[in-house]
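Residue numbers count from 1 along this sequence.
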Amino acid sequence: MKRIVIIGASSGIGKRIALDFARYGFRLGIAARREDRLKEIKKQYPDRIEYLPIDVTADDAVGRFNRLIEMTGGMDCLLFCSGTGFQDEELVDSTIRTTLDVNVVGFARIVAAAYRYFRQTATLSPGRIAAITSVAATKGLGIAAAYSSSKRFQQQFLDSLEQLAYTQQVNVRFTDIRPGFVRTDILRADRNYPMIMSVDQAAPLIEKAILTGRRRATIDSRWAIATALWKMIPSCLWKRINLVSLSNPKDAPDATCPLNLHKNNISE
């Protein structure tokens with residue numbers, strides 16, 4: 001695996017992973033909406049990084065993604081780490097639409113394009129499609145219904161493509177990366193987030209999951225335990241849990257509070 005395309009690389013986890021992989025000697029194609037930030041990343045490794053502004057919600061997203069693959073000289077791995085999400089107890093229409101446009105439609109179009117690329121360029125070495133989903137997909141979260149549902153969609157989409165790849169004999173593997181809260185600029189500084197990690201803590205674990213070919217990786221072990229316990233809670237009890245009071249006991253709910261665990265800026 002020598003050529004990696006990262007969607008959502010202008011800040012946070014995506015930026016850190018892009019710089020790490022460039023330092024390891026990989027060739028990178030990076031994308032995000034904000035071209036100025038992409039330029040700054042390329043300056044650090046000009047011979048190893050190509051970039052192209054891409055908005056995954058735009059009509060030309062797939063075409064630009066394919067162009068970035070060509071600029072990179074091909075693709076051995078896609079890492080999709082763009083996303084958006086909000087704490088939205090009021091179920092604001094525009095908020096729901098934005099979340100689904102990025103996390104469902106944008107995600108599916110880019111990942112499907114990557115699958116088609118690997119299907120058309122079959123090699124002896126398997127390609128890889130890796131995506132940062134979320135532990136929020138484990139259960140439906142009342143305070144972030146669109147977000148948690150969109151992340152469940154992403155995980156199901158990867159599962160579906162894995163079955164399709166087996167049926168079509170496409171040489172591609174999948175990695176579903178499920179982080180908890182990661183401290184990036186998108187998280188509010190005045191709120192309490194359980195078991196929060198820094199980018200410095202999370203990025204190496206994500207990179208290891210990709211490089212070792214993990215099928216699913218929960219980041220980190222604390223969240224693996226937590227989500228295993230969540231799955232055991234019956235629906236009749238789960239619906240009674242007030243997640244707002246558990247995570248932010250000192251704050252009143254905020255209908256537009258960003259909840260995203262890893263927003264990396266195609267949607268910003």
Completion exercise
Distance col, row Gln169:CD vs Thr167:OG1, nearest 0.5 angstrom, shows 9.0 Å

Handout entry: Gap separating the CZ atom of Phe107 from the CG atom of Leu158, nearest 0.5 angstrom
Key = 4.5 Å

Exercise for the section: Walk me through it: do Asp36 and Lys39 pass the test salt bridge (charged side-chain N to carboxylate O under 4.0 Å, His left out)? Expected result: CA-CA 5 Å; Asp36 57 333; Lys39 286 182 179 179; over 6 Å; no

Fill in the blank from the handout: In this structure, CG of Asn103 is separated from CZ of Phe80 (nearest 0.5 Å) by 7.5 Å

Problem - Trace of the side-chain contact (heavy atoms from CB on, under 4.5 Å) decision for Leu78 with Tyr117 - result: CA-CA 10 Å; Leu78 164 69; Tyr117 170 83; over 6 Å; no

Exercise for the section: Could you label the plane-to-plane angle of the Tyr24 and Phe21 rings as parallel, tilted or perpendicular, counting under 30° as parallel and over 60° as perpendicular? Expected result: perpendicular

Handout entry: Flag side-chain contact, heavy atom, 4.5 Å: Asn66 against Ile69
Key = yes

Handout entry: For the student: nearest non-hydrogen atoms of Met197 and Gln201, plus distance
Key = CA-OE1, 3.2 Å

Exercise for the section: Using the rule that two of Ile, Leu, Val, Met, Phe, Trp, Tyr join whenever any of their side-chain heavy atoms come within less than 4.5 Å, decide whether Leu91 and Val102 are in one cluster. Expected result: yes

Exercise for the section: Indicate, with yes or no, if Ile241 and Met195 share a hydrophobic cluster defined by side-chain heavy-atom contacts under 4.5 Å among Ile, Leu, Val, Met, Phe, Trp and Tyr. Expected result: yes

Handout entry: Close side-chain approach of Phe118 to Ile129, heavy-atom, < 4.5 Å
Key = yes

Problem - Note, Asp88 side chain near Tyr147 side chain (heavy atom, < 4.5 Å) - result: no

Handout entry: Side chain to side chain, Lys2 and Ile4, heavy atoms closer than 4.5 Å
Key = no

Handout entry: side chain to side chain contact (heavy atoms under 4.5 Å, CB included) partners for Asp93, two or more places apart
Key = none

Exercise for the section: For Ala136 and Ser148, work out which heavy atoms get closest and say how close. Expected result: O-CB, 3.2 Å

Handout entry: In one Ile/Leu/Val/Met/Phe/Trp/Tyr side-chain cluster, 4.5 Å: Trp223, Met232
Key = no

Practice task
Determine whether Val111 and Tyr166 fall in the same hydrophobic cluster, where Ile, Leu, Val, Met, Phe, Trp and Tyr are linked whenever their side-chain heavy atoms lie under 4.5 Å apart.
Solution key: no

Problem - Over all atoms of both residues, closest heavy-atom pair of Ser150 and Leu100 - result: CB-CD2, 4.2 Å

Exercise for the section: State whether the side chain of Thr133 and the backbone N or O of Ile177 hold a donor-acceptor pair below 3.5 Å, judged by distance alone. Expected result: yes

Handout entry: Test item: Val56 and Arg109 side chains (from C-beta on) under 4.5 Å apart, heavy atoms
Key = no

Practice task
Answer yes or no: does atom CZ of Arg23 have more than 12 heavy-atom neighbours from other residues, nucleotides or ligands under 6.0 Å?
Solution key: yes

Indicate every side-chain donor-acceptor pair of residues 210-217 with a distance under 3.5 Å to a residue at least two apart or in another chain.
| from | atom 1 | to | atom 2 | distance (Å) |
| --- | --- | --- | --- | --- |
| Thr212 | OG1 | Lys208 | O | 2.6 |
| Arg214 | NE | Arg216 | O | 3.4 |
| Arg214 | NH2 | Arg216 | O | 3.0 |
| Arg215 | NE | Glu162 | OE1 | 3.1 |
| Arg215 | NE | Glu162 | OE2 | 3.0 |
| Arg215 | NH2 | Asp159 | OD1 | 2.7 |
| Arg215 | NH2 | Glu162 | OE1 | 3.2 |
| Arg216 | NH2 | Asp159 | OD1 | 3.0 |

Exercise for the section: Tell me yes or no: between the side chains of Thr57 and Asp101, is some donor less than 3.5 Å from an acceptor? Expected result: no

Fill in the blank from the handout: With sequence neighbours left out, the residues meeting side chain to side chain donor-acceptor pair (under 3.5 Å) with Arg222 are Asp220

Exercise for the section: Kindly compute the distance separating CD (Gln120) from OH (Tyr115), expressed to the nearest 0.5 Å. Expected result: 11.0 Å

Problem - Any Leu28 side-chain heavy atom under 4.5 Å of Tyr45 side chain - result: no

Handout entry: Joint cluster assignment, Val62 & Leu68, ILVMFWY side-chain distance < 4.5 Å
Key = no

Practice task
Answer yes when Glu40 and Lys43 have at least one side-chain N-carboxylate O distance shorter than 4.0 Å, and no when they do not.
Solution key: yes

Problem - Minimal non-hydrogen separation, Trp230 against Val135, with atom names - result: CZ3-O, 3.6 Å

Exercise for the section: To the nearest 0.5 angstrom, please state how far the CD1 atom of Ile6 sits from the CG atom of Leu38. Expected result: 11.0 Å

Exercise for the section: Please confirm whether the backbone N or O of Ala22 pairs with a side-chain atom of Arg48, one donor and one acceptor, at under 3.5 Å? Expected result: yes

Fill in the blank from the handout: Taken to the nearest 0.5 Å, the spacing of Ser198 OG from Arg16 CZ works out to 8.0 Å

Exercise for the section: Show the numbers, then the answer: is there a side-chain contact (heavy atoms from CB on, under 4.5 Å) between Arg37 and Tyr51? Expected result: CA-CA 10 Å; Arg37 295 198 176 191; Tyr51 74 87; over 6 Å; no

Problem - Heavy-atom check, side chain of Ser125 versus side chain of Asp76, under 4.5 Å - result: no

Completion exercise
Gly73 and Arg3 have their tightest heavy-atom pair at O-NH1, 2.5 Å

Exercise for the section: May I ask you to check whether over 12 heavy atoms, not counting those of Asp59, lie within 6.0 Å of atom CG? Expected result: no

Practice task
Of all the heavy-atom pairs spanning Thr227 and Thr138, show the shortest one and how long it is.
Solution key: CG2-OG1, 3.4 Å

